[in-house]
J.: 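My questions will all concern the structure given below.
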Amino acid sequence: MCLDSRIRGTLCLCWLLAALGAWLQDAAAAGLEYPTSAVAAKDGAIYVADQYLPGVSRIRDGQAEAYFKASKKFRTPLNSVRAVALDAQGRLLVSDAATSEVYRFDKSGKPAALTGGVVGVPNDIAVDTAGTIFVADLAMHCVWRVASDGGKPKKVADVTAPRGLAVDSNGNLWVVSTKQPQLIRISPDGKAKPIVEGRVFEFPHDVAVDDQRNAYVTDGYAGAIWKISSSGQAAKWVSGAPLAGPGGISWRGTKMLVADPKAKNVFEITADGKVTPLLKQQQ
């Protein structure tokens with residue numbers, strides 16, 4: 001009886017520890033750990049790539065939740081997401097370093113691979129008005145073009161350490177890099193032009209372009225967002241708290257979304273530079 005009691009006690013303790021572990025895992029999933037990219041869907045939901053949380057998170061009503069839970073097993077699909085974007089039809093695109101792949105989610109929330117895993121490290125993705133997908137490849141040091149329906153990528157340009165991408169209203173592709181030149185613009189016919197000279201940024205992560213062709217570059221080490229005029233003049237636009245290490249940026253109408261892995265939050269910034277955190281529990 002004594003042995004049986006010990007066994008039952010041990011089993012009960014194991015069950016409690018397992019339940020506690022599951023609860024802690026769900027609690028962690030309710031927040032963000034290392035958000036690197038965010039994009040706003042038409043229904044108001046904010047989809048987030050979090051490099052430390054396998055899968056994709058979603059922010060609604062100031063709370064983060066798991067949209068797609070991936071496996072924690074190394075080199076499994078969506079184990080190490082880097083960026084999120086929307087295709088021309090508003091469907092979610094996700095780049096994944098674990099499988100060297102870009103995925104598209106269908107209406108039921110199921111991801112499908114688009115490139116066959118031939119990209120090295122897809123650090124960022126951007127989409128033009130025609131639906132063409134562009135991928136910044138940190139491992140291959142280039143930018144790829146992928147047809148809207150997927151298929152074998154085609155190289156657009158060789159760029160050393162490309163980190164972030166954006167496509168402007170004229171179809172130009174903007175690429176930010178940690179190497180010089182740190183910001184370049186590639187025209188639709190493939191001609192590349194440096195926009196800034198020298199090392200203006202400490203550690204650039206992503207780029208966005210407004211309708212006036214001003215570029216915005218996040219700088220994780222400087223804790224700032226730079227604004228670069230159409231003439232190439234760069235100046236800090238927003239810096240300091242609550243931003244800690246801004247990463248991926250995208251547009252939400254006239255406002256900017258900024259994923260900040262150091263702050264473990266996603267921020268919204270108005271045209272006049274007002275910064276608002278989107279996660280209520282982290283305000």
J.: Closest heavy-atom contact between Gly55 and Ala70?
T.: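 The answer is N-CB, 3.5 Å.
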
J.: I need the Arg199 CZ to Thr178 OG1 distance, nearest 0.5 Å.
T.: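 It is 7.0 Å, given to the nearest 0.5 Å.
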
J.: In terms of hydrophobic clusters joined by side-chain contacts under 4.5 Å, are Val167 and Val209 together?
T.: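 Different clusters.
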
J.: Take Lys264 and Glu33 through the test side chain to side chain contact (heavy atoms under 4.5 Å, CB included) and record every step on the way to the result.
T.: CA-CA 6 Å; Lys264 298 184 179 182; Glu33 291 297 321; 3.7 Å; yes

J.: Decide yes or no for Trp144 and Thr115: does some side-chain heavy atom of the first lie under 4.5 Å from some side-chain heavy atom of the second?
T.: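 The answer is no, as the side chains (C-beta and beyond) never meet within the 4.5 Å cut-off.
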
J.: Hey, quick one: are Tyr103 and Leu114 part of the same hydrophobic cluster, counting side-chain heavy atoms closer than 4.5 Å, chains of contacts allowed?
T.: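 Different hydrophobic clusters.
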
J.: Taking the side chain as C-beta and beyond, is there a heavy-atom pair between Leu243 and Val238 under 4.5 Å?
T.: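 Sidechains of Val238 and Leu243: in contact.
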
J.: Would Leu93 end up clustered with Val156 when hydrophobic side chains under 4.5 Å apart are linked, directly or stepwise?
T.: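 Hydrophobic grouping puts Leu93 apart from Val156.
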
J.: Around atom CG of Asp61, are there more than 12 heavy atoms from other residues, nucleotides or ligands closer than 6.0 Å?
T.: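 It does not: Asp61 CG has 12 such atoms or fewer within range.
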
J.: So if you build clusters from Ile, Leu, Val, Met, Phe, Trp, Tyr with side-chain heavy-atom gaps below 4.5 Å, do Trp174 and Ile184 land together?
T.: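 No: no chain of side-chain contacts under 4.5 Å links Trp174 to Ile184.
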
J.: What residue among Val121, Asp124, Ile125 forms side-chain contact (heavy atoms from CB on, under 4.5 Å) with Arg82?
T.: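 The residue from Val121, Asp124, Ile125 that satisfies side-chain contact (heavy atoms from CB on, under 4.5 Å) with Arg82 turns out to be Val121.
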
J.: For Pro181 and Pro194, which heavy atoms make the closest approach, and how far apart are they?
T.: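 Nearest pair, atom of Pro181 first, then Pro194: CB-CB, 3.9 Å.
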
J.: Could you walk me through whether Phe68 and Tyr47 pass the side chain to side chain contact (heavy atoms under 4.5 Å, CB included) check?
T.: CA-CA 10 Å; Phe68 180 85; Tyr47 293 94; over 6 Å; no

J.: Can a donor-acceptor pair be found, under 3.5 Å and without considering hydrogens, that links the side chain of Thr218 to the backbone of Gly247?
T.: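 It does hold such a pair.
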
J.: Rounded at 0.5 Å granularity, tell me how far NZ in Lys193 sits from CD1 in Ile186.
T.: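 Those atoms lie 13.5 Å apart.
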
J.: Considering the options Asp206, Thr36, Leu138, which one meets the side-chain contact (heavy atoms from CB on, under 4.5 Å) requirement together with Asn123?
T.: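 Option passing the side-chain contact (heavy atoms from CB on, under 4.5 Å) with Asn123: Leu138.
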
J.: For a quick test of reading the model, state the closest non-hydrogen atom pair linking Ala40 to Arg252 and the distance between them.
T.: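 Ala40 and Arg252 have their closest heavy atoms at CB-CG, 3.6 Å.
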
J.: Less than 4.5 Å apart, any side-chain heavy atom of Val119 and any of Pro153?
T.: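 Yes - at least one pair of side-chain heavy atoms lies under 4.5 Å apart.
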
J.: Of all heavy-atom pairs between Ala263 and Pro242, which one has the smallest distance, and what is that distance?
T.: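 Between these two residues, the closest heavy atoms are CB-O, 4.1 Å.
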
J.: So does Gly248 get a backbone contact from the side chain of Ser37, meaning a donor-acceptor N/O pair under 3.5 Å?
T.: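 No: the side chain of Ser37 does not pair with the backbone of Gly248.
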
J.: Side-chain contact test, heavy atoms from C-beta onward, threshold under 4.5 Å: evaluate it for Val135 versus Ser95 and give yes or no.
T.: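 With C-beta onward as the side chain, the pair stays apart.
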
J.: What is the distance from atom CD of Gln212 to atom CG of Asp210, rounded to the nearest 0.5 Å?
T.: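 Answer rounded to 0.5 Å: 5.0 Å.
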
J.: With a cutoff of under 4.5 Å between side-chain heavy atoms, which Ile, Leu, Val, Met, Phe, Trp and Tyr residues group with Tyr52?
T.: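 Same cluster as Tyr52: Tyr34.
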
J.: Please examine the side chains of Thr132 and Ser148, heavy atoms only from C-beta on, and report whether any two atoms are closer than 4.5 Å.
T.: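 In short, these two side chains do not touch, never coming nearer than 4.5 Å.
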
J.: Measure centre to centre between the rings of Phe105 and Tyr67, then say whether the value is under 6.0 Å.
T.: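 Here the rings of Tyr67 and Phe105 have centres that are less than 6.0 Å from each other.
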
J.: I would like to know whether Leu279 and Ile59 meet side chain to side chain contact (heavy atoms under 4.5 Å, CB included); could you show each step before the answer?
T.: CA-CA 8 Å; Leu279 288 185; Ile59 298 176; 3.8 Å; yes

J.: Is any side-chain heavy atom of Leu92 closer than 4.5 Å to a side-chain heavy atom of Val84?
T.: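 Yes; the side chains approach each other to less than 4.5 Å.
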
J.: Please give me the minimum heavy-atom distance between Ala38 and Ser250, naming the atom from each residue.
T.: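 What the structure gives for the nearest pair is O-OG, 2.7 Å.
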
J.: About how many Å separate CD1 of Ile133 and CG of Asp149, when rounded to the nearest 0.5 Å?
T.: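 The CG atom of Asp149 sits 8.5 Å away from the CD1 atom of Ile133.
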
J.: Give me the atom names and distance for the closest heavy-atom approach of Ala224 to Ser239.
T.: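 The answer is CB-CB, 3.5 Å.
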
J.: Would Asp106 and Lys110 pass as an ion pair if we require N to O under 4.0 Å?
T.: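 Salt bridge flag = no for Lys110 with Asp106.
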
J.: Please check this pair: side chain of Asp219 against backbone of Phe201, looking for a donor-acceptor N/O pair closer than 3.5 Å.
T.: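 Not at all, since once roles are kept as given, no pair shorter than 3.5 Å links the two residues.
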
J.: Ignoring hydrogens and angles, tell me if any N or O in the side chain of Asp96 forms a donor-acceptor pair with the backbone of Ser80 under 3.5 Å.
T.: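 Here the side-chain-to-backbone pair exists.
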
J.: Distance-only, no hydrogens or angles: does the Asp260 side chain make a donor-acceptor pair with backbone N or O of Asn265 under 3.5 Å?
T.: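 No; judged by distance alone, with no hydrogens or angles, the pair does not exist.
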
J.: What I'd like to find out is whether the side chain of Asn172 reaches to under 4.5 Å of the side chain of Pro188, using heavy atoms alone.
T.: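 Yes, their side chains come closer than 4.5 Å.
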
J.: Taking atom CD of Gln51 and atom CG of Asn79, what is their separation to the nearest 0.5 Å?
T.: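 Output value for this atom pair is 10.0 Å.
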
J.: For residues Arg213 and Arg185, determine if any side-chain heavy atom of one lies less than 4.5 Å from a side-chain heavy atom of the other.
T.: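 Side chain of Arg213 against side chain of Arg185, heavy atoms only: contact under 4.5 Å found.
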
J.: Quick one: CD1 on Ile269 to OG1 on Thr254, what's the gap to the nearest 0.5 Å?
T.: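 Between atom CD1 of Ile269 and atom OG1 of Thr254 there are 12.5 Å.
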
J.: Is it true that atom CZ of Arg75 has more than 12 heavy atoms of other residues, nucleotides or ligands lying nearer than 6.0 Å?
T.: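 Atom CZ in Arg75 is not packed in, count stays at 12 or less.
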
J.: Begin with the C-alpha distance, continue with both residues' side-chain angles, and end with the deciding distance and a verdict on side chain to side chain contact (heavy atoms under 4.5 Å, CB included) for Val102 and Val146.
T.: CA-CA 10 Å; Val102 175; Val146 182; 5.9 Å; no

J.: Using modelled atom types only, decide if a donor and an acceptor are shared between the side chain of Gln182 and the backbone of Val200 within a distance under 3.5 Å.
T.: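 Yes.
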
J.: Kindly work out whether a path of hydrophobic side-chain contacts (I/L/V/M/F/W/Y, heavy atoms less than 4.5 Å apart) joins Val275 to Trp237.
T.: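 Yes, Val275 and Trp237 fall within the same hydrophobic cluster.
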
